[in-house]
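Only one structure is covered here, and it is reproduced in the block below.
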Amino acid sequence: MSKKMTGADMVIQALKDQGVDTVFGYPGGAVLPIYDAIFQQSDIQHILVRHEQGATHAAEAYARSTGKPGVVLVTSGPGATNAVTGLTDALMDSIPMIVLTGQVPTFMIGSDAFQEADTVGITRPCTKHNWLVKETDKLSETIHQAFHIATSGRPGPVLIDIPKDVQFATGTYTPKAKAHVKHYQPQVKGDLAAITELVELMESAERPIFYTGGGVINSGTGASQLLRDLVKSTDFPITSTLMGLGCYPASGKNWLGMLGMHGTYEANLAMHGCDLMINIGARFDDRITGVLEKFSPNSKKAHIDIDASSINKVIHVDVPILGDVAHVLEDLLKVWKSRGRKTNSAAVKKWWGQIDEWRAKKCLSYTNSDKIIKPQYALERLEALTKNHPDRYITTEVGQHQMWAAQYLGFEDPHRWMTSGGLGTMGYGVPASVGVQVAHPDALVINVAGEASWMMNMQEMGTCTQYNLPTKQFILNNERLGMVRQWQELLHGERYSNSWSESLPDFVKLAEAFGGKGIQCSDPADLDDAIMEMLAYDGPVIFDCLVEKHENCFPMIPSGKAHNEMLMGDASTKDAIDAEGMTLV
Amino acid sequence: MNALSLKKGSSRKSAYNLKNTTGDTIETHTLAVLVDNEAGVLARVIGLFSGRGYNIDSLTVAEINHEDNQSRITIVTTGTPSVIVQIKAQLARMVAVHDVHDLTVEGPSVERELAMIKVVSKGDNRVEALRTSEIFRASVVDTTLESFVFELTGTPEKIDAFVELMTPLGLVDVARTGVAAISRGL
């Protein structure tokens, strides 16, 4: 029954038993036995990245676009330390990821051996859990436990550090079904009394709002469907965080757009003015709340979250519901229906009247130009030309372009939008587009980027070429670190310290050097044709879209301000942020 | 606006200031945390406290069940009520943590600490040290002609009091275990 095999073979067997089809990795001395085992099989494909950070972001995006955990294999020392940013990113955004690292042989641990690092020590605060496996007999069970922990409860990254002698040695394989995982079983069903309390509030609420987040997407497509049913049958307005985009369709009539620092006017004012806030799988992040004392001052707040530590961490809530979004929504709908599907529809209708007034402000309008491409215009055209594509995925880097993408692109379904939210990792997008395209070879995968972020992990263009991954790198090139520049304009007396991109490469030639296609566009009149050319090309494309250099991203809730104190469009921004706000990030 | 002329405390209203403004009283709580006795588990718990800026007043750890491979960590911590709640939630969600008990709120409990106190003195001071130790029911676990090592068990306050009395009598060294605590009754 239980078979004997080497530790390296165990890794492959355990991954197969877990249904893994793809591993993102980079070989090195301390993982050579596992790479040897990979060489001798064909069930699991290995994607060779160009940098270990790329492997982690690719695996994150693979996970977010498929709902399955992402798997990374890297070597000891620098291989492991290069994975730290991706681990932290996955922890902040609750992405299930399993990172396998090689380690120097057990008898050399602690001797400052070549490429030795205290990997479990370094990654302890940036993983959900991690292990150093010192016995081959324990390796397979640990891998099965790792998958269980990464995917149960609030998902997150885990790491298994495997010394080289453990990979060589022979041990007994523990099958998945026999692995001991009972001690970690987070509660998924919500408390029925609390759910009923929320239903009662929903029945009488005059100005309700759903505030949804990444937890809906992590809970599976069933959760998104339940959410849509709930919104449809209650007719309450809905907004979402950056991480939750796609859980409710952007074309849906109750959709207010994203909320938060760069959220829409209607979403933020509705959050500020509501009398019942129903937080579903979001965590009152500081990008959402603005100044805490002024956050939605007159509302009752309910919070559905699978992580007890997220509840009452930042904002005190009146109805906490600990549980998995899909399970809680299912019960919520049942209770609400069984009590007669009541809402205060007259008041809610009035609330919609107010919201429509806010919508009429058209907060995302901007001054267009026929001489220079505005970044908003570029994204509007990208949206218009790709939204009907049957299988479109968007990844982003971090900065102004990311916020514009969230504002101007519409997501109809979950798992279509890959972005670094909590950690805000510049350099996320290129490897993320690799991970998505590997998972969905025939899909249209577009990485909306800024030129500065894009260059942080541009080496992964080589991965695109090697594996025929036709990702479209859509770079809004303003030759600036746009968001840094915007803050320097608003906060630091227009002293633009180190926030411009000098000595940029010729992106067209760079694309060609990597074996892809390069397109440059600077005239708004040519933009549609250029985008169509990008879409038509069967291979990776770098699209160098030269845009307005000094465009600011609005609306914006300045640091230290409340939701009803947003800056709009070209409004005067002078002294918009006081000394107190300046100290915030 | 000059970043350098900011008033001290001007980030008081920061979104990063997680303290609940409704209850600013600092409370002391004793937590019993049952954990898997695995490599690095103590580092995990301590890392949580240092990483999130929580206080540790005292911490003890030892294996309590060899078969089940379980250790018990007793932590005395201080914070506002909301911070204490957050500490417990953060501990409880760790994979290696099985159970978190707040002995301060879960009913009456007994707290004890063991200390060894070395006093070097001659003459009257030596006699006085020995006599005081009897009042405190400390036992002498080592002696030379010029020194005692006292062993004392009790609440942290009792040990504090003893240490204070020994200081003028030639106290040279103190070793304390930190608090171990358990609930009273069934």
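Chain letters run A, B, ... following the sequence lines, proteins first and then strands; every chain starts at 1.
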### Query
For atom CD1 of B/I182, is the number of surrounding heavy atoms from other residues, nucleotides or ligands below 6.0 Å larger than 12?
no
### Task
Taking all non-hydrogen atoms of both residues into account, name the closest pair between A/S309 and B/A89 and its distance.
CA-CB, 3.5 Å
### Query
Does atom NZ of B/K158 have more than 12 heavy-atom neighbours from other groups under 6.0 Å away?
yes
### Message
Ignoring hydrogens, what is the shortest heavy-atom contact between B/R93 and A/D307? Give both atom names and the distance.
### Response
NH1-OD2, 2.5 Å
### Summary
Shortest non-hydrogen pair, A/K128 vs B/V95, comes out as O-CG2, 4.0 Å
### Message
Out of A/L132, A/N312, A/I315, A/N130, return the one with the most heavy atom pairs under 4.5 angstrom to chain B.
### Response
A/N130
#### Entry: Engaged part of B/A92 at the chain A interface, taking heavy atoms whose separation is under 4.5 Å
neither
### Query
With a cut-off of 6.0 Å (strictly less than), are more than 12 heavy atoms of other residues, nucleotides or ligands near CD of B/E164?
no
### Task
Could you tell me the separation between the OG atom of B/S82 and the NZ atom of A/K313, rounded to the nearest 0.5 Å?
12.5 Å
### Contacting region of B/A43 [heavy-atom separation from chain A under 4.5 Å]
both
### Reported CD1-to-CZ distance for the pair B/I46 and A/R124, which is rounded to 0.5 angstrom
10.0 Å
